[in-house]
Amino acid sequence: MSAAEPVDLTAADLHPALGDPALTSMNFLNEVSERYPAAVSLAAGRPYEEFFDLAAVHRHLDTFHRHLVDDLGHRPEQARRLLLQYGRTKGIVHHLIARNIAVDEGITVDPEDVVVTVGCQEAMFLVLRALRAGPTDVLLAVAPTYVGLTGAARLVDLPVWPVAGGPTGIDLADLAAQVRRARAAGLRPRACYVMPDFANPSGVSIDTTHRQRLLDLAAREDLLLLEDNPYGLFHSDDGPRPPTLKALDTGRRVVYLGSFAKTVLPGARVGYVVADQRVAGPDGRVGPLADQLAMIKSMVTVNTSPIAQAVIGGRLLEHGCSLVAANTRERSAYTRNLRHLVAGLTRRFPDQPDQPDGPAVRWTVPAGGFFVVVTVPFPVDDALLDRSARDYGVLWTPMAHFYDDTAPVCALRLSVSAVTPEQIDVGLDRLAALITDELARRAG
Ligand SMILES: Cc1ncc(COP(=O)(O)O)c(C=O)c1O
């Protein structure tokens, strides 16, 4: 082969995850929405863009800079270096994150147990990379599962074993059975991934009793729990929120994954992981799992952009480190939209003839978060989404994307976060037309 001859690679020579549906899913969904820009999107789980404020970004940066100088006693050149130079791998807003989860969630952690990451996505990757020690390791995850988790697991060669979710958010009998089944097969379940609050995609939450039972089961089975909580603040009732698993965790069973994408700004790409599990190193020195994760991070993203961290830090400082306080407007818009969507579905699918399994078109009524799942009596696949976008002008997400197999799934996910009530009305009219036509087509 001459030096000038181009080298062509084949996908078969690359990591096998690259051809996996878990990795292609997000791109496919983005492509569909790019191809049909006029379609109303009930697909995207993105925050509402009218809340974005460029001037506030500058102000947050200044607020955090002042905090470095006035509160932490840094000299101006030190503060400038902290913001603009390469920085501490575990981050520079870890103390504010520790304060935030203490104020909002009642979680008490040492800031040294926090790693600030490039979004929650990196946090998931670091944790899975660390836990996957060998070929017998597996991860349990409540199904349907967030596709970003499945994709990250693929990239570190960690098989994901589904655990039934059901109406309680996690079927504890199934979790115990899957742990036993995995162990009987010579495998080592390392952790179970759960989203106790308004899960993506199911919208289901786990009540306090089941949270406690889950922690008890994890202790009995010697399992770690990976708690992912991007939507917990967006509850629609005014009662107290159930405690997070991490707040109930007395045995360092829970690795807590956080994201500022929905509560501050997705474009900052800042998330974090609280990993207070003690790890004994080869030299006998004991430190938090966070230190091991930081070692991986130092070889992946080096450190999270300090400028982006400062924007998050400034927002936290301006609200007494409470994102509950910072998100009153957001919470009320999302809960208004959620109620509007559910009421809109009820209006568009009234008095359906009874089927043996209940109404033909059903939907969940979550107590918060961004997502509603609509179940229909026909398989919902990418081809139907394409037709929906092209012929009806409405986008949604096939639930099949959140299951780690190829079985047909008769459900779709709607998101209320990036739309107005008026757009919800238009989107639901179009969705109802699609479903009605599809039912008629299949009946006739
Ligand atoms: C359940 C869940 N976890 C993690 C993430 C990723 O968060 P980030 O944008 O902080 O990487 C998302 C984003 O939608 C999500 O829904």
Side-chain angles (χ1 to χ4, degrees), residues 22-23 25-27 29-30 33 41-49 52 91 93 97 100-101 114-128 139 141-153 155 160 165 169-170 191-206 225-234 244-246 255-274 293 297 300-301 304-305 308-309 311-312 315 323 327 330 334 366 368-373 397 399 401-404 413-418:
L23 270 87
S25 169
M26 286 196 195
N27 282 347
L29 296 170
N30 288 337
S33 61
S41 180
L42 299 174
R46 298 161 167 222
Y48 188 52
E49 291 176 10
F52 294 171
V93 293
I97 291 173
N100 163 237
I101 57 178
V114 176
V115 182
V116 189
T117 53
V118 180
C120 178
Q121 187 64 35
E122 189 196 19
M124 292 191 291
F125 181 84
L126 299 178
V127 172
L128 299 184
L139 175 74
V142 174
T145 307
Y146 175 55
V147 72
L149 183 276
T150 314
L155 285 173
V160 181
I170 183 162
C192 180
Y193 171 81
V194 281
M195 233 181 292
D197 296 280
F198 320 125
N200 179 7
S202 73
V204 176
S205 297
I206 303 176
L225 298 174
L226 311 184
E227 178 178 28
D228 190 4
N229 186 18
Y231 305 102
L233 298 193
F234 305 120
T244 59
L245 289 176
K246 190 63 191 162
V255 174
Y256 186 79
L257 303 162
S259 169
F260 294 109
K262 318 295 158 142
T263 52
V264 185
L265 267 187
R269 300 303 303 129
V270 179
Y272 62 94
V273 51
V274 177
L293 301 182
K297 181 175 170 67
V300 181
T301 55
T304 302
S305 158
Q309 291 185 69
V311 171
I312 303 298
R315 177 84 184 267
L323 289 175
N327 277 275
E330 286 78 358
Y334 295 142
F370 289 3
F371 308 113
V372 168
V373 175
T397 309
M399 282 292 285
H401 282 254
F402 303 102
Y403 289 93
D404 203 12
R413 188 196 75 177
L414 302 180
S415 171
V416 300
S417 60

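For ligands, and for the atoms within them, numbers begin at 1 and follow the listed sequence.
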Using a 3.5 Å distance criterion without hydrogens, assess whether the side chain of [X] forms a donor-acceptor pair with backbone atoms of [Y].
{"X": "Gln121", "Y": "Gly148", "value": "yes"}
{"X": "Lys262", "Y": "Gly369", "value": "no"}
{"X": "Gln309", "Y": "Gly91", "value": "no"}
{"X": "Thr304", "Y": "Val116", "value": "yes"}
{"X": "Arg413", "Y": "Ala43", "value": "yes"}
{"X": "Asn200", "Y": "Tyr146", "value": "no"}

Ligand-residue contact atoms, ligand 1 with [X], heavy atoms, under 4.0 Å:
{"X": "Arg269", "answer": "8 (P), 9 (O), 10 (O), 11 (O)"}
{"X": "Pro230", "answer": "1 (C), 2 (C), 3 (N), 15 (C)"}
{"X": "Tyr231", "answer": "14 (O), 15 (C), 16 (O)"}
{"X": "Gln121", "answer": "11 (O)"}
{"X": "Met195", "answer": "1 (C)"}

Can you say whether the rings of Phe371 and Tyr231 are parallel (under 30°), tilted (30 to 60°) or perpendicular (over 60°)?
-> perpendicular

Does ligand 1 have an atom under 4.0 Å from some heavy atom of Gly271?
-> no

Checking a contact table here: which protein heavy atom is nearest [atom], and how many Å away?
{"atom": "atom 14 (O) of ligand 1", "value": "Lys262 NZ, 2.9 Å"}
{"atom": "atom 3 (N) of ligand 1", "value": "Asp228 OD2, 2.6 Å"}
{"atom": "atom 6 (C) of ligand 1", "value": "Tyr146 OH, 3.7 Å"}

Has ligand 1 got any nitrogen or oxygen that is less than 3.5 angstrom from a nitrogen or oxygen of Cys120?
-> yes

